[in-house]
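Each ligand, and each atom within it, is numbered from 1 in the order the structure gives. All heavy atoms count here, side chains included; hydrogens, waters and symmetry mates do not.
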Amino acid sequence: MVFRWSSPEARCLLLSLLLLAFWEEGSGQLHYSVPEEAKHGTFVGRIAQDLGLELAELVPRLFRLASKDRGDLLEVNLQNGILFVNSRIDREELCGRSVECSIHLEVIVDRPLQVFHVEVEVKDINDNPPMFSVKEQKLSIPESRLLDSRFPLEGASDADVGENAMLTYKLSPNEFFILDIIKTKDKDKFPVLVLRKLLDREENPQLKLLLTATDGGKPEFTGSVSLLILVLDANDNAPVFDRPVYEVKMYENQANQTLVIWLNASDADEGINKEMMYSFSSLVPPMVRRKFQINERTGEIKVNDAIDFEDSNAYEILVDVTDKGNPPMVGHCTVLVELLDENDNSPEVVVTSLSLPVKEDALVGTVIALISVSDQDSGSNGQVTCSLTPHGPFKLVSTYKNYYSLVLDSVLDRESVSGFELVVTARDGGSPSLWATASVSVEVADVNDNAPAFPQPEYTVFVKENNPPGCHIFTVSAQDADTQENAQVSYSLVERRVGERALSSYVSVHGESGKVYALQPLDHEELELLQFQVSARDAGVPPLGSNVTLLVFVLDENDNAPALLTPPAGSAGGAVTELVPRSVGAGHVVAKVRAVDADSGYNAWLSYELQPTAGGGRSLFRVGLYTGEISTTRALDEADPSRQSLLVLVRDHGEPPLTATATVLVSLTESGQAQKVSSRALAGSAVQEAALVDVNVYLIIAICAVSSLLVLTLLLYTALRCSAPPSEGECGPGKPRLVCSSAVGSWSYSQQRGQRVCSGEGPPKTDLMAFSPSLPPCPVVEVEVEDQSVEGNQSRKVGCYIFIFVFCVVNIFSHRIFSNIYLRIFLFFEYRLYSNVPSNTFVI
Ligand SMILES: *[C@@H]1O[C@H](CO)[C@@H](O)[C@H](O)[C@H]1NC(C)=O
Ligand SMILES: *[C@@H]1O[C@H](CO)[C@@H](O)[C@H](O)[C@H]1NC(C)=O
């Protein structure tokens, strides 16, 4: 039989019965105990015996068990009267957290009705583990928390009671926390975490701990909860660079924005504490700040301005990095930028001192300029070599490292090169190399080392006689290769005597212009050749000079009229009286008109004409055109008047011709008288006649020679050129007819009729031009001339006559102009022969 305690009515009944039992029984009450959770049939107590009932009477007396609650949990075996566990007893279910827990039983027997109260205590066993409300507890703890900071934890609960609910806590081993237990008033315990070691988020951003609760039961139960501790960041880490110093090598002249280095700092913190800003340290000088820029955010350092090795070859940049934490933390590093040289600088050449101009007589080795070279680059980029172009008479001599001297290497001559444009090239050793040049203008200063020079050593000048006084006859000009006053040429006459007079009375030379003036009218008859020297001198110190020889030929003009030779006797008023016997036949020479002309050449070549006279004797006489001989044209007869006056016109061949007239009175006599007179007259003039013939012969020879000598001199010239010059013995002073002058080959003037001129270089030659038939001062000379001409050259004379004839015929046709040309050509060649030096001919 099972008593059920479940209904509310039953509970009310149970309560009332309990009160009744206490009231009836007093202390006679049974007490058992049974552990909870005992198995079915577990022995609790011998309830029948303990109540004093016989086993046999149990059934008859309707032994029964009544319980106010949970009556079925225990049962009595009516056979043996033992109380045993009928079903599972859970103390926690029966009594909850109350410490006391028992089951009250009423044992009822009938006949007589008796009620017994039995108390069965349910003993707790540790059947419940400590329990945590959550599986995991999360805690967030800033890493900056100080030591001994406390962090309460949620404790565990245990459904058991007493010892079985007595919890102890344990924390998994760790270095940061220990566990402290706080006991409350109601003897509850709370675990508390206590910080024993500073947290470091950077090291352990989170911790996992295990909190274990153990109850005091036997066997004990445990419960655990995992603790997840999140360490919150604090700005406790400064940003750091991985190296304190970064070394960067880069070439100079990098473009702007070229990356120098990309700095990467790191910050162990997180979040805003990790956000960094890069900047130059305040110690960085403004100059470096200008050259480089740093990207605040990324940490890239870039070139910002021209970086020049020559300005500075290294930069030290202090860089700060700051995080954004509060307070911010700063890290530092140093960037050493080393610049590498590039060959970006040309060498410089400086001519430091110049000693210019250089005199052309400067000695070899004279220092002309000092040159210094430099290059701002370093190493081979800055190593400079110097060269000189063009290779003139100069060289560069290295005096010391980068210093050079420009030195004269060979002699100078201003007249060949008056200046040099030198270029000094400096080249560095870079690749490619750079170079610079400096030009040095070396001016060569003049030294008076050149005498004035005439183009020719000699000049031949032809001047017509009777020139106006002060007439300009020639200009000498000498060139001086020097400059300035060294080339300032002045001219002067080299004074000498000309006959009785000084040369300066004839000519003068203008000192500056070199113009040569004839001071007075020159007279061919007096002076045929004027030879003198003009000296040219420069104004240098000391002066240099040179001489030029002028050969001034005075050309003949027809300025002398023919002059009649007065007969020694029988003349009156210029008239010559001739006695002619009437017996003479035709062709008889009755007289000879003798005239001379002081001029030469054509101007002295006389011709004779008979002028018609009133007497009409013209038909009876005629005059030889060139001989001047008056001869009869026919035999005389009685009819002819006994006195006849003949007018003979003597005319030279000048232009215009000059004339003279001679009056010849012819008296016809009887034969005996005439013979006497005639012979006397002839005897008296024999010598003179011969001379006159000779004069004419010479004249003809002269004119002929003008032409023939052209040919002759050509031949001679060729011969002289081809063969060795003849011996000079012929030009001896012993021969009286030769008038030898100085060795230069000058001419001498002589009033003698026949003149010989001898040159030092050439054979003696007959003067064919300069003869001057004037008054015969000395018969000896005449004879000698005659001898020389007539006897010495008999055969030549014959040929000459033939030539004269031909020439005269030609000459008549070609007239004066041609003959003048011949004459001048002749003069030219003749001059050439004497001087034997090529020259120009100046004909005035
Ligand atoms: C910084 O980081 C950048 C990108 O990762 C890298 O290119 C650079 O070399 C780093 N700088 C240093 C100094 O290591
Ligand atoms: C020029 O001639 C003069 C006089 O004969 C002489 O004294 C002088 O030395 C000469 N000069 C030269 C350069 O020949």
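For Q484, the CD atom sits in a loose shell: 12 or fewer heavy atoms of surrounding residues, nucleotides or ligands are nearer than 6.0 Å. With a 6.0 Å radius and a threshold of 12 heavy atoms from other residues, nucleotides or ligands, R501 has its CZ atom above the threshold.
In this structure, L207 and F176 approach most closely via the heavy-atom pair CD1-CD1, 3.7 Å.
The contact set between ligand 2 and Q533, taken as ligand atoms under 4.0 Å from a residue heavy atom, comprises 2 (O), 5 (O). Residue V494 approaches ligand 2 through these ligand atoms, each under 4.0 Å from one of its heavy atoms: 3 (C), 4 (C), 5 (O). Residue G545 has at least one heavy-atom neighbour below 4.0 Å for each of these atoms of ligand 2: 13 (C).
Not counting sequence neighbours, F280 has no partner by the ring-ring contact (aromatic ring centres under 6.0 Å, His included) test.
A perpendicular orientation is assigned to the rings of F241 and Y246, their planes being inclined by more than 60° (bins at 30° and 60°).
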Does ligand 1 have any N/O atom under 3.5 Å from a protein N/O, and what are those pairs and their distances?
from	atom 1	to	atom 2	distance (Å)
ligand 1	2 (O)	N264	OD1	3.0
ligand 1	2 (O)	N264	ND2	2.4
ligand 1	11 (N)	W262	O	2.7
ligand 1	11 (N)	N264	ND2	2.7

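For the residue pair D267 / N237, no side-chain donor-acceptor distance below 3.5 Å is found, with atom types taken as modelled.
The main-chain N or O of A481 is never found under 3.5 Å from a side-chain atom of N450 such that the two would form a donor-acceptor pair.
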